Protein chains: 2
Amino acid sequence: MTATQELTKNQSLVFNALARADGPLSAYTILDQLRNDGFRAPLQVYRALDKLLDYGMIHRLESINAFVACAHPHTHSHGHGMIAFAICEKCGQVSEFSDDVITGRVREWTNGNGFKQSKTTIEIRGVCANCSTA
Amino acid sequence: MTATQELTKNQSLVFNALARADGPLSAYTILDQLRNDGFRAPLQVYRALDKLLDYGMIHRLESINAFVACAHPHTHSHGHGMIAFAICEKCGQVSEFSDDVITGRVREWTNGNGFKQSKTTIEIRGVCANCSTA
DNA sequence: TTGACAAATGTAATAACATCACATATCGAA
DNA sequence: TTCGATATGTGATGTTATTACATTTGTCAA
Ligand SMILES: [Zn+2]
Ligand SMILES: [Zn+2]
Ligand SMILES: [Zn+2]
Ligand SMILES: [Zn+2]
């Protein structure tokens, strides 16, 4: 299966919940939103989330235990450059960006130290432009 | 109070547990290690951890829900440069480093986007040099 | 010294996040 | 059609973190 194709029923429901949200959602928030669609247990959500993470359609924000739909599904190639997230602690907005210099510096460190990197998390918490002017 | 001074009893116990560990510990692991010292409830650990984080003596690893004693308490100035952690998924070893170029690039992004950064997490998961040769 | 306030501690209960174990169903290829 | 891989349903359990409230300890000024 390729990334943007033929999701199963549960995967579609979970992805759509994230896609229509204006910010990150926790697994249990998703569960509550999908009760009327037949969801009864956390595992139904977590299994779908795992697949969607595999497909690169969503991201997990480790610092807030939440999940967000990928903001740039067509433009950035997950798996190559590292992705950074700026998370507003006021409104929950998440901005996603990729920086080749950061990616390069991390690679230099890992190569220099014989560290075989598998996954890298870069999360910036703070207050977004909108919320600081308001 | 300054950072490396006069911890309270509980703060000392928690800090020493982290300092003598060879890797990160979860709050509940610390709790279990301190049962004989009178610890009975998670909050006793979490409260001490919060203070030690304030003092910059320990770090929280968001991607693994664990805490680690600062590896460079005298050399790096927490609060200025951002700190990155390389976490071995085999042995648990954590290497801590700080990179001015990464710090600068993140600052460029946040300044350019009007984002007021408060805390930044950079965590690299993978396998350390020792574990990949073994 | 004592009264008052801040900081630290003790404890139980609860909330929030995530996985295990096992049964059943669905789908596609041999 | 039969087999294996994938997906699903469900309850129980495991793990991480916080709320609420009572008590103790330390500090300092009146
Ligand atoms: Zn993305
Ligand atoms: Zn905001
Ligand atoms: Zn440190
Ligand atoms: Zn290792």
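No experiment lies behind these values; they were computed from the predicted model shown. Reminder, nothing fancy here: chain letters follow the sequence lines and each chain counts from 1.
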[N] phosphate, OP1 or OP2, under 4.0 Å from [X] side-chain N/O:
X	N	result
B:Lys9	C:dT9	no
A:Gln44	D:dT8	no
B:Thr8	C:dA8	no

*Which residue, B:Arg60 or A:Leu43, contacts DNA chain D at a nucleotide closer to its 5' end, judged by nearest heavy atom?*
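Checking each residue's closest nucleotide, the 5'-ward one belongs to A:Leu43.
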*When the nearest nucleotide of DNA chain D is assigned to B:Arg47 and to B:Ile64 on a heavy-atom basis, which residue is associated with the more 5' position?*
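Result of the comparison: B:Ile64.
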*Is the closest basic N to carboxylate O distance between A:Arg125 and A:Glu123 below 4.0 Å?*
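A salt bridge is absent here (no side-chain N lies under 4.0 Å from a carboxylate O).
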Atom-pair distance ([atom1] on [X]; [atom2] on [N]), nearest Å:
X	N	atom1	atom2	value
B:Lys51	C:dA6	NZ	P	14 Å
A:Leu7	D:dT8	CG	C1'	15 Å
A:Leu34	D:dG9	CG	C1'	15 Å
A:Ile30	C:dA18	CD1	C1'	13 Å
A:Asp50	C:dC20	CG	P	11 Å
A:Tyr46	D:dT8	OH	C1'	18 Å
A:Asp54	D:dT6	CG	C1'	13 Å
B:Asn10	D:dT25	CG	C1'	12 Å

*Kindly indicate whether the side chain of A:Arg40 and the base of D:dG11 share any N or O donor-acceptor pair separated by less than 3.5 Å?*
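When only heavy-atom distances are counted, A:Arg40 does not reach the base of D:dG11 through any donor-acceptor pair under 3.5 Å.
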*Please work out whether the ring planes of B:Trp109 and A:Phe97 are parallel, tilted or perpendicular, with thresholds of 30° and 60°.*
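Geometry flag for A:Phe97 against B:Trp109: parallel rings.
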*Please tell me which of B:Tyr28 and A:Asn65 maps to the more 5' nucleotide of DNA chain C, matching each residue to the nucleotide holding its nearest heavy atom.*
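In this pair, the answer is B:Tyr28.
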*Does the side chain of B:Ile87 reach to within under 4.5 Å of the side chain of B:Ile124, using non-hydrogen atoms?*
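Sidechains of B:Ile124 and B:Ile87: no contact.
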*asked:* Counting neighbours of NZ on B:Lys119 that are heavy atoms of other residues, nucleotides or ligands and sit closer than 6.0 Å, is the number greater than 12?
replied: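 Counting neighbours around NZ of B:Lys119, more than 12 heavy atoms of other residues, nucleotides or ligands fall under 6.0 Å, so yes.
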*With respect to A:Phe67, which candidate in A:Val14, A:Val45, A:Thr29, A:Leu53 satisfies the side chain to side chain contact (heavy atoms under 4.5 Å, CB included) definition?*
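Of all the options given, the one that passes is A:Leu53.
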